[in-house]
There are 2 protein chains.
Amino acid sequence: MSPVRNPPAASTAADGDWRARLRARGYRLTPQRQFVLDAVQALEHATPDEIFAHVRERSAGVNLSTVYRTLELLEEIGLVTHTHLSHGAPTYHSATVKQHVHLVCRACQQVAEVEPEVFAPLVQRLHADKGFTTDVQHLTVFGICQECAS
Amino acid sequence: MSPVRNPPAASTAADGDWRARLRARGYRLTPQRQFVLDAVQALEHATPDEIFAHVRERSAGVNLSTVYRTLELLEEIGLVTHTHLSHGAPTYHSATVKQHVHLVCRACQQVAEVEPEVFAPLVQRLHADKGFTTDVQHLTVFGICQECAS
DNA sequence: CTACTTGCAAACTCTTTGCACCATA
DNA sequence: TATGGTGCAAAGAGTTTGCAAGTAG
């Protein structure tokens with residue numbers, strides 16, 4: 001491992017939790033993983049590249065492939081999730097943050113957030129009609145925002 | 001243009017319409033475009049690669065980049081739309097077919113379809129609350145299907 | 001000390017683009 | 001005949017992988 005500067009101090013309340021989660025599955029706690037998780041929590045809706053850039057500002061010795069591997073790992077143990085807000089890159093966000101659904105404007109590309117409660121009736125109906133359990137966190141709604149509509 | 005065999009016969013009722021649409025915008029009617037549109041209508045939920053393969057079975061002389069260019073063109077003039085059903089490739093479908101929303105199971109990757117009416121209340125609420133005009137056609141709901149839930 | 005992690009570089013997938021040739025209108 | 005369209009090959013994003021060296025526990 002190359003020049004990895006002082007790892008970030010434990011920042012969130014759930015921090016102890018994530019260390020435990022790692023250990024419980026035989027994973028190790030590394031500065032890189034801490035940097036990546038911190039970046040996800042700090043940035044909100046960040047692509048792997050943006051996360052990489054954010055981590056790089058703090059530590060020169062973190063590689064892009066490590067970012068990818070770490071995101072996969074963090075998602076596997078349920079600490080982050082991802083959504084596709086646009087064509088190309090997925091965006092990651094912390095799973096500990098309050099859930100929300102994304103509204104993406106196809107005209108101006110702006111992203112708004114909505115409380116998941118708005119989707120509760122839909123979720124219930126899909127479950128009743130089709131037996132389908134909706135992953136609201138992963139939902140993205142495309143359309144046209146108020147400004148662009150006029 | 002290389003060995004492009006007999007272009008497919010006009011197949012859908014809207015066929016005359018699409019020729020008109022092309023012409024109206026100064027585009028030309030080519031066998032390649034007809035093959036690609038036919039493939040989209042025949043396959044339903046096909047990726048560019050799958051469309052390419054389907055077209056290739058019928059005509060050796062169609063190039064993958066032409067498929068991409070044609071899909072972009074057909075989408076621009078409103079004959080096809082696309083959605084992201086999984087991580088990587090977008091899937092294209094005919095815009096003339098009855099609208100539907102996709103339910104994607106994250107466990108078995110199976111795709112189900114739902115009538116867009118189910119989403120009407122949600123669409124109305126998003127419009128009322130946020131002024132957001134939902135593009136239902138482009139909507140994809142991820143979750144767990146009935147079989148995988150048990 | 002040992003197994004898990006990382007950095008590096010190369011490989012891969014999917015998509016786009018430049019350019020000369022070809023065919024539609 | 002004049003553009004617009006196509007094939008081909010090369011270039012680009014974004015992501016994954018093999019392997020040797022490094023490190024957490």
Side-chain angles (χ1 to χ4, degrees), chain A residues 1-7 18-37 39 46-53 55-56 58-77 80 82-92, chain B residues 1-7 18-37 39 46-53 55-56 58-77 80 82-92:
Chain A
M1 201 177 304
S2 320
V4 174
R5 287 204 286 270
N6 340 314
W18 85 272
R19 299 177 180 224
R21 287 216 201 197
L22 278 180
R23 297 246 178 73
R25 315 210 182 189
Y27 295 127
R28 290 181 184 173
L29 177 62
T30 68
Q32 285 90 341
R33 287 175 179 169
Q34 207 159 328
F35 274 120
V36 171
L37 181 59
T47 63
D49 239 32
E50 292 165 345
I51 292 166
F52 176 58
V55 169
R56 260 286 168 93
R58 284 150 192 81
S59 169
V62 177
N63 194 272
L64 180 56
S65 40
T66 299
V67 172
Y68 277 104
R69 286 190 278 229
T70 302
L71 286 172
E72 190 182 342
L73 176 77
L74 293 177
E75 186 154 33
E76 183 199 321
I77 65 178
V80 309
H82 79 271
T83 324
H84 297 271
L85 295 187
S86 60
H87 270 198
T91 62
Y92 286 80
Chain B
M1 206 177 302
S2 319
V4 174
R5 287 206 286 271
N6 339 314
W18 85 271
R19 297 176 183 224
R21 287 217 201 197
L22 278 181
R23 296 246 178 72
R25 316 209 182 191
Y27 295 128
R28 291 180 183 173
L29 178 61
T30 68
Q32 285 89 341
R33 288 175 179 169
Q34 206 158 329
F35 274 120
V36 170
L37 181 59
T47 63
D49 237 33
E50 291 165 345
I51 292 166
F52 176 59
V55 170
R56 261 286 168 91
R58 284 151 191 80
S59 168
V62 177
N63 194 273
L64 179 57
S65 41
T66 298
V67 171
Y68 276 103
R69 286 190 278 230
T70 302
L71 287 172
E72 190 183 342
L73 176 77
L74 294 177
E75 185 154 33
E76 183 199 320
I77 65 179
V80 308
H82 79 271
T83 325
H84 297 272
L85 295 188
S86 59
H87 270 199
T91 63
Y92 287 80

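The model shown is predicted, which means the values in this text are computed figures rather than measured ones. Naming: A, B, ... by sequence-line order, numbering from 1 per chain.
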Send over the distance from [X] [atom1] to [N] [atom2], rounded to a whole Å.
| X | N | atom1 | atom2 | value |
| --- | --- | --- | --- | --- |
| A:E72 | C:dT6 | CD | C1' | 15 Å |
| A:Y27 | D:dG25 | OH | P | 15 Å |
| B:L29 | D:dG4 | CG | C1' | 13 Å |
| A:Q34 | C:dT5 | CD | C1' | 15 Å |
| B:R33 | C:dA23 | CZ | P | 15 Å |
| A:Y68 | D:dT15 | OH | P | 3 Å |
| A:H84 | D:dA13 | NE2 | P | 20 Å |
| B:R25 | D:dG5 | CZ | C1' | 18 Å |

Problem - B:Q32 side chain to B:T66 backbone, donor-acceptor under 3.5 Å - result: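 Checking the backbone N and O of B:T66 against the side chain of B:Q32, no donor-acceptor pair under 3.5 Å is found.
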Practice task
Among the candidates D:dT15, C:dA25, D:dG14, find the nucleotide nearest to the side-chain atoms of A:L64.
Solution key: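 Nearest listed nucleotide: D:dT15.
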Practice task
Check whether the side chains of B:D49 and B:T47 place a donor and an acceptor atom closer than 3.5 Å, and report yes or no.
Solution key: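 Side-chain D/A pair, B:D49 to B:T47: absent.
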Exercise for the section: Report which part of the nucleic acid A:S65 touches: base, sugar-phosphate, or nothing (heavy-atom distance under 4.0 Å, all strands). Expected result: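 Base: the residue A:S65, judged by heavy atoms under 4.0 Å, touches a nucleobase.
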Exercise for the section: Quick one: label B:R69 by what it contacts on the DNA or RNA (base, sugar-phosphate, nothing), any heavy atom closer than 4.0 Å. Expected result: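 B:R69: base contact, heavy atoms under 4.0 Å.
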Practice task
State, with a plain yes or no, whether a side-chain heavy atom of A:L73 is found less than 4.5 Å away from one of A:L22.
Solution key: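 A side-chain contact exists here, since the closest heavy-atom pair is under 4.5 Å.
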Practice task
For residues A:Y27 and A:R21, determine if any side-chain heavy atom of one lies less than 4.5 Å from a side-chain heavy atom of the other.
Solution key: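 No, their side chains stay 4.5 Å or more apart.
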Practice task
Could you tell me whether the phosphate oxygens of D:dT6, OP1 or OP2, come under 4.0 Å of any side-chain nitrogen or oxygen in B:T30?
Solution key: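 Yes, such a contact exists.
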Handout entry: Polar side-chain contact A:R28-C:dA3 base: donor and acceptor under 3.5 Å
Key =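 Side chain to base: pair found, below 3.5 Å.
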Practice task
Between B:G26 and B:N63, just flag the one whose closest nucleotide in DNA chain D comes earlier from the 5' side.
Solution key: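 In this pair, the answer is B:G26.
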Exercise for the section: Please assess A:L29 against A:Q34 for the test side chain to side chain contact (heavy atoms under 4.5 Å, CB included), listing each intermediate value before the final yes or no. Expected result: CA-CA 8 Å; A:L29 177 62; A:Q34 207 159 328; 4.0 Å; yes
